[in-house]
Protein chains: 4
Amino acid sequence: MSAESPPNPRPRSGPRRDEAARLAVLHAADDLLAENGFGALTIEAIARRAGVAKQTIYRWWPSKVEILIDTLIEDSGKQLPIPAGEPTVASIRAYLRDFADFLSTDPAGKVLLVLLAQAQHDEATAESFHKRYLGPRREAELDMMVRGITGGGISPRVDPEVALDTLLGPLVYRALIGAAIPASLVDALVDEVLGASA
Amino acid sequence: MSAESPPNPRPRSGPRRDEAARLAVLHAADDLLAENGFGALTIEAIARRAGVAKQTIYRWWPSKVEILIDTLIEDSGKQLPIPAGEPTVASIRAYLRDFADFLSTDPAGKVLLVLLAQAQHDEATAESFHKRYLGPRREAELDMMVRGITGGGISPRVDPEVALDTLLGPLVYRALIGAAIPASLVDALVDEVLGASA
Amino acid sequence: MSAESPPNPRPRSGPRRDEAARLAVLHAADDLLAENGFGALTIEAIARRAGVAKQTIYRWWPSKVEILIDTLIEDSGKQLPIPAGEPTVASIRAYLRDFADFLSTDPAGKVLLVLLAQAQHDEATAESFHKRYLGPRREAELDMMVRGITGGGISPRVDPEVALDTLLGPLVYRALIGAAIPASLVDALVDEVLGASA
Amino acid sequence: MSAESPPNPRPRSGPRRDEAARLAVLHAADDLLAENGFGALTIEAIARRAGVAKQTIYRWWPSKVEILIDTLIEDSGKQLPIPAGEPTVASIRAYLRDFADFLSTDPAGKVLLVLLAQAQHDEATAESFHKRYLGPRREAELDMMVRGITGGGISPRVDPEVALDTLLGPLVYRALIGAAIPASLVDALVDEVLGASA
DNA sequence: TTGTAAGCGAGACGGTACGTCCGGTCTTCAT
DNA sequence: ATGAAGACCGGACGTACCGTCTCGCTTACAA
């Protein structure tokens, strides 16, 4: 399914996977999405752009959606790390601001929105996207909230699930309807949900 | 563009638009979407299911997205009326509960999500969906909030735009990720944004 | 299967088959075969050359072989008519000379050889080629022989089947191995099989 | 080109050609041809069936046609020896009967027909097939005819070239069109060409 | 005895063509 | 003029093989 999970890592003979081809595909997919939108993102176009044979794509990815999930996992891991350690209101606010910028500005944010969209159209996308990206990320965010509450940085009143929905939902919603996400919105949400910044 | 706007209502010779065909197309689109998802929703399939020629569809709708917008406008107008008159916290709470049910249960709610999704893939969809559905609806909702504030039912502190994003965002977000929308979430949001239910 | 057999000739609405496209396909196939051989005769190449969509070919022909059979039927009907009326040794000799030239010189003769070849590779080709071309032609040739014997122009001693194999076999064989077919060979065969030219 | 001609027999290190693999390839090719026809005879299928790597095939044969020529040379050498010594009408008749059986019954006869067919499609096949099989065989058959004439067993009137075409052509032709080859046809041909059996 | 130069199974790679599906345009006929 | 039917061009789909290549293993001669 993904480049990240070779299920049997026993040594084989023969040529190994061509890392250059893998990267070329990921970048080609990213670029095409950014330039022409999901509608123009065909396997043939990716192959053409990446200078790669179609079969090389089909050999490693079951669908173009999995390619996008791969790029999203790599990119959001790098550009949108979830605060580690014991988070404070301030660090969560910073995380949410980054998240808002990611959604409205970063090409990888476009990938997230597109995948969320495609999950509405296609059950297979929904399942894979949740299993490989949304689920783990949600887990990590919940864990962050719990650490914050346990550590005392965040009020123990808030339910972590509700808090996450309330914080993230409006940001994602505005991104989906193509509206900007002002920093003031993030601040208002944080103040309301996690307690006033006082 | 849509069935609702015959620009020249002058009497003409020859047969007028076949209302039965129009409804057959709308229902066929709805049914196919509900049964097999957006991926199976092709113009050819709609024509087949509706017992109508492809050209009849293209004559009246520029794309399958416009068909869905037509059905959504009709359905959400009926099943999700925006509170008229001078709204109270209670009536807004009721509206939001209906909205949550619409999103998670009603086939027409599926249409809304699908259109929101398709708007991420296709600029033309985004434009039309905003102009014909999202924009007017947002206007009406804003108007409702303003009426509530002016009338005194709602605290004048809340910014209507922020309030709407904060109320609707989490509901839409949970619907998009396939999660249920508990009534308690709606209540928590209303309490937080519009003041305690007191 | 072929352009020649519309099984239900009831009047229909809608556009009829595009004769220009049909001819473009037949000529493109002929030309490509003559220029680059059967190996280069792909459906995609025919479509490209004919300026026609692939689907237009698949709509009317189940395989490239049927295209070639169509061209062969048209061409050999025109350029290689079987002597009508009451044939004489002389008219049969003339027919065989024409046949020899057809095989060694005419592009349509190349089509015949290629189909005979492809029939060795593919059972479906064999069946269709026999049913649509070889069989009817053999029948007509047998009929010609019988008319000659009945009419007295040909010795009643000869078995028509054996005579045909003996006359045609060597010509086809030499064509297949790429050897020229001297007129003297035709004459020798005719003399031997149908009696001296006396 | 073929297994039979290692051009530089200088001593080398390393393992020599694997005879088992060579035979596995030849048999796999034969079997696949017999079972599924030339259309199913792909290098990949041969490799699969023979339990051999593709590269092992490409190392020793430039094309699948050469594999078939190798099998044909081995098989027809064994099962269809050309009469040695001073041939008589009777021994030639026997040879032709064997040839007819070979064409219509023997799997190796199928190989001959398939190669003759493929030579129509592909110039390279034609050249190799003539140089490696048809040419030498024709030479040997001509030599046989000449020995028969010189030795007095065959009438000096007959032109050996014409005689061969007349004798072999009808047999090959009937095999190609999928018709049986009755012994009576062979007899009739021999009688006519080489003089009555009287 | 050990280096080294093949042969070998395995299979990834850039390609081409396959036959199918659908998009959007068009043409024809009947109403 | 409209609607049903459907032919048409275009182009992406996912698959099968092509012929080339690289890998790591295994021989078996030559030093």
Side-chain angles (χ1 to χ4, degrees), chain A residues 11-22 24 39-48 50-60 62-64, chain B residues 12-18 20-21 40-48 50-60 62-64, chain C residues 11-22 39-48 50-60 62-64, chain D residues 11-22 40-48 50-60 62-64:
Chain A
R12 273 194 319 88
S13 77
R16 295 312 188 286
R17 179 171 189 178
D18 183 337
E19 178 68 5
R22 187 185 141 261
L41 192 69
T42 67
I43 297 277
E44 303 231 318
I46 296 172
R48 225 156 25 226
V52 140
K54 257 199 305 180
Q55 189 55 44
T56 297
I57 297 182
Y58 284 110
R59 180 156 34 235
W60 298 109
S63 74
K64 60 188 172 186
Chain B
R12 284 181 310 84
S13 74
R16 297 310 188 285
R17 177 168 190 182
D18 184 338
L41 192 70
T42 69
I43 297 277
E44 306 235 318
I46 297 172
R48 220 150 37 219
V52 139
K54 258 198 310 179
Q55 189 54 39
T56 300
I57 298 181
Y58 282 111
R59 188 160 16 240
W60 297 107
S63 74
K64 62 188 173 186
Chain C
R12 274 191 318 89
S13 79
R16 295 309 188 283
R17 178 171 189 178
D18 184 337
E19 178 69 6
R22 187 184 140 261
L41 192 70
T42 68
I43 298 278
E44 305 230 317
I46 296 172
R48 226 154 25 224
V52 141
K54 257 200 302 181
Q55 189 56 43
T56 298
I57 297 182
Y58 283 110
R59 182 159 27 240
W60 298 108
S63 73
K64 61 187 173 188
Chain D
R12 284 181 310 87
S13 75
R16 296 310 188 282
R17 177 170 191 178
D18 183 337
E19 179 67 6
R22 186 184 142 261
L41 192 70
T42 68
I43 297 278
E44 305 233 320
I46 297 172
R48 220 145 41 216
V52 139
K54 261 199 306 180
Q55 189 55 40
T56 299
I57 298 182
Y58 283 110
R59 184 162 22 242
W60 298 108
S63 75
K64 62 187 173 188

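Keep in mind that this is a model prediction, so the values were computed, not measured. Chain naming here is simple, since letters A, B, ... match the order of the sequence lines and numbering starts at 1 in each.
The residue among Gly14(A) and Ala21(C) whose nearest nucleotide of DNA chain F lies closer to the 5′ end is Ala21(C). Mapping Pro15(C) and Gly51(A) onto DNA chain E via the closest heavy atom, the residue that lands nearer the 5' end is Gly51(A).
One distance of note links CZ of Arg48(D) with OG1 of Thr42(D); it measures 6.0 Å at 0.5 Å rounding. Distance CD1/Ile46(B) to CD/Glu44(B): 10.5 Å, rounded to 0.5 Å.
You'll find that the side chain of Thr42(C) is closest to dC18(E), out of dT25(E), dA4(F), dC18(E). Here dA10(E) is the nucleotide among dG15(E), dC13(F), dA10(E) with the atom lying nearest to any side-chain atom of Ala53(D). The side chain of Glu44(A) has dA12(F) as its nearest neighbour among dC18(E), dA12(F), dC8(E). Across dC18(F), dG24(E), dC13(E), the shortest atom-to-atom separation from the side chain of Thr56(A) is found for dC13(E).
At a cut-off of 3.5 angstrom, counting only N and O atoms as typed in the model, there is a donor on one side and an acceptor on the other between the side-chain of Lys54(A) and the base of dG14(F). Side chain Gln55(C) to base dC9(F): no donor-acceptor pair is found below 3.5 Å.
Put simply, CD1 on Ile46(B) is 8 Å from P on dG23(E), counting in whole angstrom units. Remark: C1' of dC22(E) and OH of Tyr58(C) are 16 Å apart, rounded to the nearest angstrom. Rounded to an integer number of Å, the gap from Ile43(A) CD1 to dC13(F) P is 6 Å. In this structure, CH2 of Trp60(B) is placed 15 Å from C1' of dA4(F), rounded to the nearest angstrom. Rounded to whole angstrom, the span from the CZ atom of Arg48(B) across to the P atom of dG6(F) amounts to 12 Å. The NZ-C1' distance, from Lys64(A) to dC13(F), rounds to 10 Å in whole Å. Rounded to whole Å, the distance from CG on Asp18(C) to P on dG10(F) is 13 Å. Counting to the nearest Å, the P atom of dA5(F) and the CZ atom of Arg59(B) are 13 Å from each other.
Listed pair Arg16(A) / dG24(F) meets the phosphate criterion, a side-chain N or O lying under 4.0 Å from OP1 or OP2.
For the pair Arg59(B)/Thr56(B), a side-chain contact is recorded, criterion being any heavy-atom separation below 4.5 Å from C-beta on.
Here the closest heavy-atom approach between residue Ala21(C) and residue Val52(C) is recorded as CB-CG2, 4.0 Å.
Judged by the 6.0 Å and 45° rule, Arg22(C) forms no cation-pi pair with Trp60(C).
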